[in-house]
Q: 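This is the structure I want to talk about, given as structure tokens.
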Number of protein chains: 2
Amino acid sequence: MIESAVGAGRPGVAGEKAQYRKLAASMRLEIEAGEFGNNGRLPSEESLAEQYGVSRGTVRNALALLRANGLVTSRRGTRRVVLGTARTQSFQELLSFTAWARAQGEEPGARTLHCLSRPASAAETEALQLDDGAVVTEVLRLRLLGRVPVMLERTVYPERTGAVIGGLAPDSLSHTEVLDASGAVFADSEHTIDVVPADSVDAGALGCAEGTGLLREIRRATDPAGVPLLWSEDRFLPGTVSFSVHNSASVSALARRRGRP
Amino acid sequence: MIESAVGAGRPGVAGEKAQYRKLAASMRLEIEAGEFGNNGRLPSEESLAEQYGVSRGTVRNALALLRANGLVTSRRGTRRVVLGTARTQSFQELLSFTAWARAQGEEPGARTLHCLSRPASAAETEALQLDDGAVVTEVLRLRLLGRVPVMLERTVYPERTGAVIGGLAPDSLSHTEVLDASGAVFADSEHTIDVVPADSVDAGALGCAEGTGLLREIRRATDPAGVPLLWSEDRFLPGTVSFSVHNSASVSALARRRGRP
DNA sequence: TAGAAAAAGTTGGCTACACAACTTGCCTCC
DNA sequence: GGAGGCAAGTTGTGTAGCCAACTTTTTCTA
């Protein structure tokens, strides 16, 4: 076997990732650099395997990743076609406003409007899988890009994570990063997106008229064992962000739902 | 090898699907029936393989599907955990308003406001990968649930598919189904979601005030070779639909974007 | 020359095995 | 009782090979 350009199977070196992940990252760069042209064709799995010194199975794993991210098609009988250079974001960037803003080259900001502990409502008990009578921490924060208010974030943490958040400075930026550092592991998240009219609190904080249509994102994140870590309702001013999803016939992640969640 | 309950490897029988798809469908039913309980644990891959008479690889393929749909977690060292009974939709339901409405038990409706052929704009030439000076078909339709207007759909088809659509009755329902029947194959789609204020056309058609925040979905669908089949901008009345996405740390399909697309 | 048939090339799907990395529970030892 | 370590169980990653299904190219034939 040939030692490959992406650093075959040496743990502890170069990011500690699996080979197929490194291969996927490497191929992503080539694709984004236009190596195969837009709408061009990828080399065959077999030749890629030989080129990188891995087995066809590993190449297929890597390509499945790129496929799920919408970079390439795949279809029996013919070579893979480059779909576009849709740069996808890391999972982290999706969960953390701060991480996302930085990746965009913007200065993220946060102003905590309030932060309190209280008994969980029935809905929260359900969503966070809490025991009856459990206590949650509710945080209301205004998020900024530069000095411009963009989003109002209402997050509910279960007691365990809430304790970590409760002790932070009111202008501290990323709660997600703090939780990450404290050992919490984010593994899955569910997002629901719709429009709601701004209420008086939204209007006051975001500086818009009451009734303005805000883009609402409800997110719920869980750890690898399926235990809910947070539940959040974020309301964005119109025109500040959009969400985009890639879907393929083999795997469909996006769903359209009736009415309000 | 034992002949399995899901119909092992006999093409032409029972839906013509791959084994791992049938297995996934079968397990989805079990999960949704609460066979393993909510937050319960799945049997090990090995025991599933034995139970269904397939190899572990096939079981892993099936579980990867369920994982991508957010039904189960997975994590090295411990059994898979049931996340929830998140019923996902077929790819078809996401592309076709008609199919989606029917699956919700609602009566879909459509009223064509106009349908015309014209030269493509620069943006459309880019999005649909057309040659300069190509002709597109633009269709503006009001979509209903029951008798209630819900969405205004502005779709642009390239010449080839547009020809099929142009010859339809103004009240015909699903353009997607017609295209499907005419041999077009939808394989991938890209969706962007944000909010826009209703303009005078929107307000008139949907019966809302001008400036009302509408949920906008921009979709672009391609065939297996990556050739664009349609480009559409749909504007939903607030409160009528929401979109939901599942993401996991291993594969993330959703992205947050800056400003308008 | 045009159309049909054959051949070659490519991805999808499945099996089998091996080892690595991680979690969990049990057992021992202090 | 508690802490630590050990062993078993489980999923992740990688390899190798086989055939099926499908597309594209080439070749043959009328």
Side-chain angles (χ1 to χ4, degrees), chain A residues 1-4 6-13 15-24 41-50 52-68 72-81 183 185 187 223-227 248-251, chain B residues 1-4 6-13 15-24 41-50 52-67 72-81 185 187 223-227 248-251:
Chain A
M1 183 182 113
I2 303 151
E3 193 75 349
S4 104
V6 286
R10 272 178 301 161
V13 182
E16 194 93 31
K17 289 194 292 187
Q19 278 189 76
Y20 76 92
R21 289 185 187 281
K22 289 188 280 188
L23 178 50
R41 290 187 165 182
L42 252 51
S44 75
E45 296 175 354
E46 201 140 9
S47 71
L48 284 169
E50 193 176 354
Y52 287 98
V54 296
S55 75
R56 194 183 150 212
T58 301
V59 170
R60 284 180 63 80
N61 271 344
L63 289 171
L65 223 51
L66 298 181
R67 162 103 227 234
V72 300
T73 57
S74 86
R75 161 181 166 229
R76 186 178 269 174
T78 188
R79 295 252 267 267
R80 287 181 156 82
V81 174
V185 179
D223 78 359
V227 178
S248 72
S250 51
V251 178
Chain B
M1 185 180 112
I2 302 151
E3 193 75 349
S4 102
V6 286
R10 271 178 302 160
V13 182
E16 194 93 32
K17 289 194 291 187
Q19 279 188 76
Y20 77 92
R21 290 185 185 282
K22 289 187 279 189
L23 178 49
R41 291 192 165 177
L42 251 51
S44 75
E45 295 175 355
E46 201 139 9
S47 71
L48 284 170
E50 195 176 354
Y52 286 99
V54 296
S55 75
R56 194 183 151 213
T58 301
V59 171
R60 283 182 63 79
N61 272 342
L63 290 170
L65 224 52
L66 298 181
R67 163 104 226 236
V72 300
T73 57
S74 84
R75 158 183 168 228
R76 185 178 266 170
T78 187
R79 294 252 189 90
R80 286 180 158 81
V81 174
V185 180
D223 78 358
V227 178
S248 73
S250 50
V251 178

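Remember, predicted model here, so these are calculated numbers, not experimental data. Protein chains get the first letters and strands the later ones, always in sequence-line order, with residue 1 at the start of each.
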Q: So do the side chains of A/L23 and A/V59 get within less than 4.5 Å of each other, counting heavy atoms only?
A: yes
Q: Whole Å only: how far is the NZ atom of A/K17 from the P atom of C/dA21?
A: 17 Å
Q: Do any side-chain nitrogens or oxygens of B/Y20 fall under 4.0 Å of OP1 or OP2 in C/dG13?
A: yes
Q: For B/E45, is there an ion pair with B/R60 - N to carboxylate O distance below 4.0 angstrom?
A: yes
Q: Write down the distance between CD (A/Q19) and P (D/dT13), rounded to a whole number of angstrom.
A: 11 Å
Q: Quick check: on DNA chain D, is the nucleotide nearest A/S55 upstream (toward 5') of the one nearest B/S44, or the reverse? Name the residue that is more 5'.
A: B/S44
Q: Considering just the side-chain nitrogens and oxygens of B/R60, establish if one lies under 4.0 Å of OP1 or OP2 belonging to D/dG12.
A: yes
Q: Measure the distance from CG on B/N61 to P on C/dT15 and round it to the nearest whole Å.
A: 10 Å
Q: I need the CG-P distance between B/L63 and D/dT10, as an integer number of Å.
A: 14 Å
Q: For a quick check, tell me whether the side chain of B/R21 and the base of C/dG13 share a donor-acceptor pair closer than 3.5 Å.
A: no
Q: Using the rule given for side-chain contact (heavy atoms from CB on, under 4.5 Å), can you reason through B/D223 versus A/T73, listing the C-alpha separation, both sets of side-chain angles and the distance that settles it, and then say yes or no?
A: CA-CA 9 Å; B/D223 78 358; A/T73 57; over 6 Å; no
Q: With sequence neighbours excluded, tell me which residues meet side chain to side chain contact (heavy atoms under 4.5 Å, CB included) with A/R67.
A: A/V72, A/S74, A/S248, A/S250, B/D188
Q: Mind calculating the distance between CD (A/E50) and C1' (D/dA16) to the nearest angstrom?
A: 15 Å
Q: Looking at D/dG12, I'd like to know if its phosphate oxygens (OP1 or OP2) sit under 4.0 Å from a side-chain N or O belonging to B/S74.
A: yes
Q: Remember a base hit wins even if backbone is also touched, and classify A/R56 as base, sugar-phosphate or nothing at under 4.0 Å, heavy atoms.
A: base
Q: Would you tell me if any nitrogen or oxygen in the side chain of A/R80 comes within less than 4.0 Å of OP1 or OP2 on D/dT23?
A: no
Q: Atom pairs under 3.5 Å, N or O on each side, protein against nucleotides 5-9 of chain C: can you list them with distances?
A:
unit_1, atom_1, unit_2, atom_2, d
C/dG9, N2, A/G77, O, 3.0

Q: With the side chain counted from C-beta on, respond yes when A/L48 and A/P43 share a heavy-atom pair under 4.5 Å apart, and no when they do not.
A: yes
Q: Can you tell me which nucleotide in C/dT11, D/dG14, D/dT11 comes closest to the side chain of A/E45?
A: C/dT11
Q: Rounding to an integer number of Å, can you tell me how far B/R75 CZ sits from D/dG9 P?
A: 19 Å
Q: Mind checking A/R41 for me? I need base, sugar-phosphate or nothing, with any heavy atom below 4.0 Å counting as a touch.
A: sugar-phosphate
Q: Quick one: salt bridge (charged side-chain N to carboxylate O under 4.0 Å, His left out) partners of B/R41, sequence neighbours excluded?
A: none
Q: What heavy-atom pair brings A/Q19 and A/V54 nearest, and what distance separates the two atoms?
A: OE1-CG1, 3.1 Å
